[in-house]
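Along the sequence shown, residues are numbered consecutively beginning with 1. Excluded from the calculations below are hydrogen atoms, water molecules and symmetry mates; all remaining heavy atoms, backbone and side chain alike, are included.
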Amino acid sequence: MHTHSYYMNMALEEARAAQEQGEVPVGAVVVIGNTVVARAHNNVIAMNDPSAHAEILALREAGRTIGNYRLSGASLYVTIEPCVMCAGAMVHARIKQLIFGAYDAKAGAITLFDMFSDKRLNHRIEVVPGILEGKASLILKDFFKKKRER
């Protein structure tokens with residue numbers, strides 16, 4: 001059995017792939033049991049799709065891989081705290097657990113809205129924050145610093 005750090009390192013690889021393509025460096029990995037069923041990174045610019053966040057793309061791929069849009073028992077690893085759009089997709093997919101690296105004070109669904117604790121939603125997701133937070137935060141900070149320098 002692998003650790004949270006093992007899968008988060010995979011998500012960080014995806015984030016670096018996004019960065020190399022000029023996308024905001026966010027990566028995601030979906031795991032069911034001990035099997036990686038999907039990997040993805042932000043692809044908003046290349047796809048001309050505002051919904052092409054790493055989490056959404058990973059959830060789509062995972063659904064295709066297992067042949068079901070319900071991803072019960074799945075864990076989603078993502079390098080940064082998800083936005084409200086992505087958090088909503090996680091609830092609809094019925095994932096069991098969200099594991100993320102860095103917090104997102106400007107757009108994070110947990111930081112801003114504590115979304116997964118809202119009892120009005122019909123599904124609860126266990127949240128494990130701060131896994132490899134330093135690495136996840138650094139890749140984003142470096143990306144935006146370089147962008148400002150241009």
Side-chain angles (χ1 to χ4, degrees), residues 1-19 23-141 143-144:
M1 184 161 145
H2 298 291
T3 64
H4 287 321
S5 295
Y6 175 83
Y7 295 115
M8 189 59 71
N9 273 312
M10 283 185 185
L12 285 164
E13 288 172 14
E14 289 293 326
R16 285 188 278 280
Q19 183 174 24
E23 302 274 359
V24 175
V26 177
V29 174
V30 178
V31 178
I32 299 176
N34 290 320
T35 303
V36 174
V37 294
R39 293 175 64 145
H41 56 268
N42 272 6
N43 217 356
V44 181
I45 298 166
M47 295 177 82
N48 294 310
D49 180 354
S51 71
H53 288 194
E55 301 95 318
I56 299 291
L57 297 175
L59 291 172
R60 287 177 184 162
E61 182 182 331
R64 286 190 299 269
T65 299
I66 69 164
N68 194 335
Y69 73 98
R70 292 280 168 98
L71 303 173
S72 302
S75 296
L76 176 73
Y77 291 80
V78 63
T79 55
I80 190 167
E81 176 185 355
C83 71
V84 173
M85 174 185 69
C86 294
M90 290 175 215
V91 169
H92 288 292
R94 303 290 193 268
I95 68 159
K96 178 182 178 184
Q97 187 178 50
L98 163 68
I99 301 95
F100 70 87
Y103 284 90
D104 186 351
K106 294 180 182 175
I110 295 146
T111 298
L112 296 178
F113 303 103
D114 198 16
M115 200 164 143
F116 296 132
S117 296
D118 193 322
K119 302 222 182 316
R120 294 170 296 178
L121 294 174
N122 63 350
H123 179 69
R124 302 282 170 273
I125 296 173
E126 177 189 341
V127 178
V128 180
I131 303 300
L132 300 183
E133 183 175 3
K135 287 182 178 182
S137 181
L138 186 61
I139 194 169
L140 283 161
K141 285 178 183 171
F143 175 80
F144 287 112

Measuring from [X]:[atom1] to [Y]:[atom2], what's the distance to the nearest 0.5 Å?
X     : Y      : atom1 : atom2 : value
Asn34 : Tyr7   : CG    : OH    : 4.5 Å
Asn9  : Leu12  : CG    : CG    : 5.5 Å
Lys96 : Ile125 : NZ    : CD1   : 12.5 Å
Leu71 : Ile66  : CG    : CD1   : 5.0 Å

Pairs involving residues 62-73, ordered by first then second residue, that meet side chain to side chain donor-acceptor pair (under 3.5 Å) (sequence neighbours left out):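 Pairs touching residues 62-73 that pass the test: none.
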Contacts of type side chain to side chain donor-acceptor pair (under 3.5 Å), residue [X], not counting sequence neighbours:
X      : answer
Glu61  : none
His41  : Glu14, Gln21
Glu133 : none

What heavy-atom pair brings [X] and [Y] nearest, and what distance separates the two atoms?
X     : Y     : result
Ile32 : Ala74 : CG1-CB, 3.7 Å
Ser75 : Gln97 : OG-OE1, 3.0 Å
Ala11 : Val29 : N-CG2, 3.6 Å

Return each pair, listed once, that meets salt bridge (Lys or Arg N to Asp or Glu O under 4.0 Å) where at least one residue sits in residues 116-130; pairs must be two or more places apart or across chains.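 Of all non-adjacent pairs touching residues 116-130, those that pass salt bridge (Lys or Arg N to Asp or Glu O under 4.0 Å) are Asp118-Arg120.
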Side chains of residues 85-95: which donor-acceptor partners sit under 3.5 Å, not counting sequence neighbours?
residue : atom : partner : partner atom : Å
Arg94   : NH1  : Val91   : O            : 2.9

My understanding is that only residues two or more places apart in sequence, or in another chain, count here; which of them pass side-chain contact (heavy atoms from CB on, under 4.5 Å) with Ala28?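 Testing Ala28 for side-chain contact (heavy atoms from CB on, under 4.5 Å), a comparison that skips the adjacent residues, returns Ala54, Ala58, Leu76, Val78.
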Residues in ring pair (Phe, Tyr, Trp, His ring centres under 6.0 Å) with Phe144, at least two apart? none
For a side-chain contact (heavy atoms from CB on, under 4.5 Å) check, start with the C-alpha distance between Met8 and Lys135, then their side-chain angles and the critical distance, and finish with the verdict. CA-CA 10 Å; Met8 189 59 71; Lys135 287 182 178 182; over 6 Å; no
Which residue, Arg39, Glu55, His4, forms the side chain to side chain donor-acceptor pair (under 3.5 Å) with Tyr77? His4
Show which side-chain atoms of residues 99-107 pair as donor or acceptor with protein atoms under 3.5 Å away, not counting sequence neighbours.
residue : atom : partner : partner atom : Å
Asp104  : OD1  : Lys106  : N            : 3.1
Asp104  : OD1  : Ala107  : N            : 3.2

With distance as the sole test, does Thr79 use its side chain to make a donor-acceptor pair with the main-chain N or O of Ala136 at under 3.5 Å?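 No: the side chain of Thr79 does not pair with the backbone of Ala136.
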Counting only N and O atoms by type, is there a donor-acceptor contact under 3.5 Å from the side chain of Asn42 to the main-chain atoms of Glu23? no
Determine whether Val26 and His53 make a side-chain contact, defined as any pair of heavy atoms from C-beta on separated by less than 4.5 Å. no
Is the shortest side-chain heavy-atom distance between Pro129 and Ile110 below 4.5 Å?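 They are not in side-chain contact.
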Listed by chain and number, what are the salt bridge (Lys or Arg N to Asp or Glu O under 4.0 Å) partners of Asp114, not counting sequence neighbours?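 Partners of Asp114 under the salt bridge (Lys or Arg N to Asp or Glu O under 4.0 Å) test: none.
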How would you list all residue pairs meeting ring pair (Phe, Tyr, Trp, His ring centres under 6.0 Å) that involve residues 104-133, not counting sequence neighbours?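 For residues 104-133, and leaving out neighbouring residues, there are no ring pair (Phe, Tyr, Trp, His ring centres under 6.0 Å) pairs at all.
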Name each donor-acceptor pair under 3.5 Å that joins a side chain in residues 43-51 to protein atoms two or more places apart or in another chain, with its distance.
residue : atom : partner : partner atom : Å
Asp49   : OD1  : Ser51   : N            : 2.8
Asp49   : OD1  : Ser51   : OG           : 2.7
Asp49   : OD2  : Ser51   : OG           : 3.3
Ser51   : OG   : Arg60   : NH2          : 3.4

